[in-house]
Novice: 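Have a look at this one before I ask anything.
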Amino acid sequence: AYSSRTLMITISSTYLRPGGVETPIPGTPKELDTFLAFVSRIALHHANQIEYWQLDNEVTAPKNWPSDRYADYARLLAAFHDTVRKTNPEAKIVVAGVLAGDINGRRAEDLLQALAQGAAGKVHAIDIHYHRSWVKAGSIADYIAALRKLLGAYRGLEKLEIVVAENSTWFEKPAGRHLQTESQQAA
């Protein structure tokens, strides 16, 4: 059956500070209020039309979030939850995409520890991004199993849904393979 609901929306907290400095973390109370007001407007406009609400993208990627600031991400995610759920009480809050290659590493453990301490009960799912050309070995099922095991070690996170918002095999044309161009795929 057709649904008029959007499955997931990702809202980025990254913005430019004066001088063009890009940062993922609203640093001042005014910046946080401005960001949450923006989220509130989106939540109100799309009330009950979006099932999953994700804050940011690939927080285990160093270019997106510094690992020493995961506690800030957890606090921001908790505030994001409260803001979205005011107008969308059934909304599911999603932890930003965790790169599959990071699941067995320190960055994922640090993130989950921060979430367990600062956002447990305010997050409903975690997004895994599996790009075959980025990971050394293992199937997507292997990485989901590893993530499920890792989640089990953190109280309040063990029953999170796992969603896959990004999945790919190749970023460039591999030798000896015929791949369709974007325009051929769109036709």
Side-chain angles (χ1 to χ4, degrees), residues 3-99 102-103 105-129 147 150-151 154-166:
S3 172
S4 61
R5 290 181 63 153
T6 300
L7 183 59
M8 185 163 77
I9 185 171
T10 300
I11 299 175
S12 175
S13 67
T14 301
Y15 58 93
L16 292 178
R17 286 193 169 147
V21 177
E22 191 172 310
T23 178
I25 306 163
T28 67
K30 183 178 180 190
E31 289 171 341
L32 178 60
D33 289 347
T34 300
F35 174 69
L36 293 176
F38 169 71
V39 171
S40 181
R41 285 192 304 276
I42 294 172
L44 186 59
H45 181 76
H46 295 287
N48 301 313
Q49 295 175 3
I50 298 170
E51 187 171 356
Y52 293 89
W53 292 75
Q54 180 171 266
L55 176 63
D56 282 319
N57 184 40
E58 297 178 350
V59 293
T60 57
K63 68 182 177 77
N64 294 347
W65 271 87
S67 60
D68 64 340
R69 301 296 301 271
Y70 284 152
D72 292 322
Y73 178 76
R75 281 190 292 277
L76 185 59
L77 189 65
F80 179 81
H81 166 277
D82 294 347
T83 301
V84 169
R85 301 263 314 219
K86 277 182 193 171
T87 54
N88 296 273
E90 300 299 316
K92 295 178 182 176
I93 307 304
V94 182
V95 175
V98 174
L99 297 170
D102 290 338
I103 290 172
R106 190 75 231 156
R107 293 184 65 81
E109 291 175 15
D110 290 347
L111 172 64
L112 294 178
Q113 182 176 357
L115 291 170
Q117 292 172 353
K122 295 199 175 203
V123 62
H124 308 98
I126 188 166
D127 179 15
I128 180 175
H129 291 179
L147 179 57
L150 188 58
L151 288 169
Y154 296 94
R155 185 173 175 86
L157 303 180
E158 60 272 349
K159 294 185 181 182
L160 291 183
E161 285 184 53
I162 297 175
V163 298
V164 180
E166 291 184 23

Novice: Are side-chain heavy atoms of F80 and I93 found at a separation under 4.5 Å?
Specialist: yes

Novice: Is the backbone of A43 close enough, under 3.5 Å, to the side chain of N88 for a donor and an acceptor to pair up by distance?
Specialist: yes

Novice: With T34, which residues qualify under side chain to side chain contact (heavy atoms under 4.5 Å, CB included), at least two apart?
Specialist: K30

Novice: Taking side-chain hydrogen bond (donor to acceptor under 3.5 Å, both in side chains) as the definition, give me every residue that meets it alongside D127, ordered by chain and number, with sequence neighbours left out.
Specialist: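 Here the qualifying residues are H129.
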
Novice: Excluding sequence neighbours, so at least two apart, what forms side chain to side chain contact (heavy atoms under 4.5 Å, CB included) with L36?
Specialist: L32, A79, T83

Novice: Just to verify, what does T87 make a side-chain hydrogen bond (donor to acceptor under 3.5 Å, both in side chains) with, not counting sequence neighbours?
Specialist: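 side-chain hydrogen bond (donor to acceptor under 3.5 Å, both in side chains) list for T87, sorted by chain: empty.
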
Novice: CG of L7 to CD of Q49: how many Å apart, nearest 0.5 Å?
Specialist: 14.0 Å

Novice: Does H81 have any ring pair (Phe, Tyr, Trp, His ring centres under 6.0 Å) partners at least two apart in sequence or in another chain, and if so, which?
Specialist: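 Once residues adjacent in sequence are excluded, the partners of H81 under the ring pair (Phe, Tyr, Trp, His ring centres under 6.0 Å) criterion are H124.
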
Novice: Considering non-hydrogen atoms only, spot the tightest contact between I50 and Y52 and give its length.
Specialist: CG2-O, 3.3 Å

Novice: Mind listing the closest non-hydrogen atom pair of G156 and A120 along with its distance?
Specialist: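 Looking at all heavy atoms of both residues, the closest pair is CA-CB, 4.1 Å.
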
Novice: Among all residues two or more places apart in sequence or in another chain, which pass the side chain to side chain contact (heavy atoms under 4.5 Å, CB included) test with I162?
Specialist: I126, I128, I144, L147, R148, L151

Novice: For Y154 and E158, which heavy atoms make the closest approach, and how far apart are they?
Specialist: O-OE1, 2.8 Å

Novice: Could you list the residues that satisfy ring pair (Phe, Tyr, Trp, His ring centres under 6.0 Å) with Y73, not counting sequence neighbours?
Specialist: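 Y73 satisfies ring pair (Phe, Tyr, Trp, His ring centres under 6.0 Å) with W65 once adjacent residues are dropped.
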
Novice: So, using salt bridge (Lys or Arg N to Asp or Glu O under 4.0 Å) as the criterion, who are the partners of E161 when residues are at least two apart?
Specialist: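 In terms of salt bridge (Lys or Arg N to Asp or Glu O under 4.0 Å), with neighbours along the sequence ignored, E161 is linked to K92.
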
Novice: What distance do L76 atom CG and D56 atom CG have between them, rounded to the nearest 0.5 Å?
Specialist: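 Going from the CG atom of L76 to the CG atom of D56 covers 7.0 Å.
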
Novice: Would you call S12 and L55 a side-chain contact if the rule is heavy atoms closer than 4.5 Å?
Specialist: no

Novice: So do L111 and V95 actually touch side chain to side chain, heavy atoms under 4.5 Å?
Specialist: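 A side-chain contact under 4.5 Å exists here.
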
Novice: With sequence neighbours excluded, tell me which residues meet salt bridge (Lys or Arg N to Asp or Glu O under 4.0 Å) with D33.
Specialist: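 D33: no salt bridge (Lys or Arg N to Asp or Glu O under 4.0 Å) contacts found.
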
Novice: Got a list of side-chain donor-acceptor pairs under 3.5 Å for residues 112-119, not counting sequence neighbours?
Specialist:
none

Novice: Suppose the criterion is salt bridge (charged side-chain N to carboxylate O under 4.0 Å, His left out): which pairs have a residue in residues 111-125, not counting sequence neighbours?
Specialist: D82-K122

Novice: Apply side-chain hydrogen bond (donor to acceptor under 3.5 Å, both in side chains) to Y70 and list each qualifying residue two or more places apart in sequence or on a separate chain.
Specialist: R107

Novice: Do M8 and V94 make a side-chain contact, defined as non-hydrogen atoms from C-beta onward lying under 4.5 Å apart?
Specialist: yes

